[in-house]
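This report refers to the structure that appears directly beneath it.
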Amino acid sequence: MEQCPICYTDLEIRDCTPCDDCGWDPKELDDFKANKHVYRTYDVYKGHQLTLCNFCDVDFGSYLPETFGFKNRQRIGLRDFHLIKEIKAPQIQKCKFCHECMRTLSFLNFQFDLRQLNTQNTADT
């Protein structure tokens with residue numbers, strides 16, 4: 001069984017929307033069925049991509065800097081994103097999910113990668 005790259009808990013499989021941030025949440029699944037969101041894939045930070053709904057992309061700047069390994073109070077927000085594409089026909093998909101971190105594997109991998117990148121950048125300075 002695959003483990004979470006952040007906390008090492010065994011991952012479970014669940015239905016998710018295309019949003020890498022909140023797509024696991026049953027409320028988001030209800031919103032998806034009611035066509036309340038659009039989904040876009042962004043280059044979020046130095047080539048690292050996420051697909052986000054139109055709520056999570058705006059709210060992304062609320063993450064604390066430590067979430068992604070920043071040491072200098074840096075935050076990533078919508079103003080930093082580069083649009084890659086809008087998802088024209090979004091669908092529910094099976095995703096791996098960590099019930100401890102409350103995130104999908106795609107988001108956890110993004111978080112892990114940024115922490116690694118920022119640890120390397122700190123070591124280089």
Side-chain angles (χ1 to χ4, degrees):
M1 178 160 272
E2 191 168 2
Q3 294 180 321
C4 172
I6 303 298
C7 75
Y8 307 109
T9 298
D10 287 341
L11 299 175
E12 62 184 63
I13 304 291
R14 65 167 51 185
D15 287 340
C16 295
T17 73
C19 184
D20 292 326
D21 194 350
C22 74
W24 59 270
D25 189 329
K27 181 178 179 338
E28 173 61 14
L29 287 165
D30 290 341
D31 287 352
F32 177 88
K33 292 170 187 167
N35 292 314
K36 290 187 177 181
H37 296 290
V38 295
Y39 302 90
R40 296 179 183 99
T41 301
Y42 297 98
D43 178 333
V44 175
Y45 186 77
K46 296 188 177 185
H48 296 275
Q49 298 179 8
L50 286 174
T51 298
L52 301 169
C53 70
N54 58 304
F55 176 83
C56 289
D57 60 7
V58 172
D59 189 55
F60 204 83
S62 68
Y63 277 106
L64 296 174
E66 306 82 58
T67 304
F68 304 114
F70 294 113
K71 305 284 188 233
N72 59 359
R73 295 193 206 173
Q74 178 178 349
R75 291 184 187 245
I76 305 169
L78 186 58
R79 70 189 179 289
D80 303 306
F81 294 2
H82 299 282
L83 179 64
I84 294 173
K85 66 180 176 181
E86 184 169 324
I87 309 301
K88 297 292 184 187
Q91 298 190 11
I92 300 294
Q93 54 201 2
K94 297 287 185 190
C95 292
K96 294 179 181 178
F97 172 77
C98 177
H99 67 272
E100 290 296 320
C101 296
M102 302 300 285
R103 295 286 176 253
T104 62
L105 180 58
S106 55
F107 186 91
L108 294 165
N109 283 333
F110 173 86
Q111 182 180 3
F112 179 84
D113 291 347
L114 262 62
R115 286 181 176 181
Q116 294 293 106
L117 179 67
N118 288 320
T119 300
Q120 291 170 354
N121 288 343
T122 302
D124 292 341
T125 56

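Grouped with Tyr8 in a hydrophobic cluster is no other residue, since no side-chain heavy-atom contact under 4.5 Å to another Ile, Leu, Val, Met, Phe, Trp or Tyr is found. Alongside Leu11, the hydrophobic cluster contains Leu105 (criterion: ILVMFWY side chains under 4.5 Å). Listed by chain and number, the hydrophobic cluster partners of Leu64 come to none, as no ILVMFWY side chain reaches under 4.5 Å of it. Cluster note: Phe97 groups with Trp24, Met102 through ILVMFWY side-chain heavy atoms spaced under 4.5 Å, whether in direct contact or through intervening members.
Note on residues 57-68: pairs passing side-chain hydrogen bond (donor to acceptor under 3.5 Å, both in side chains), not counting sequence neighbours, are Asp21-Tyr63, Tyr42-Asp57, Asp59-Ser62, Tyr63-Arg103. Residue pairs meeting the salt bridge (Lys or Arg N to Asp or Glu O under 4.0 Å) criterion with at least one partner in residues 3-16, sequence neighbours excluded, are Glu12-Arg14, Asp15-Lys94.
In this structure, the side-chain hydrogen bond (donor to acceptor under 3.5 Å, both in side chains) partners of Lys27, at least two apart in sequence or on a different chain, are Asp31. Under the rule for a salt bridge (charged side-chain N to carboxylate O under 4.0 Å, His left out), Glu100 has no partner lying at least two apart in sequence or in another chain. Under the side-chain contact (heavy atoms from CB on, under 4.5 Å) criterion, Thr41 pairs with Gln49, Thr51, Ile84, Lys85, Ile87, not counting sequence neighbours. Residues satisfying the side-chain contact (heavy atoms from CB on, under 4.5 Å) criterion with Val38, sequence neighbours excluded, are Arg40, Asn54, Glu86. Contacts of Asp113 classified as salt bridge (charged side-chain N to carboxylate O under 4.0 Å, His left out), with partners at least two apart in sequence or in another chain: none. Every residue was checked against the side-chain hydrogen bond (donor to acceptor under 3.5 Å, both in side chains) condition with Asp43, not counting sequence neighbours, and none meets it.
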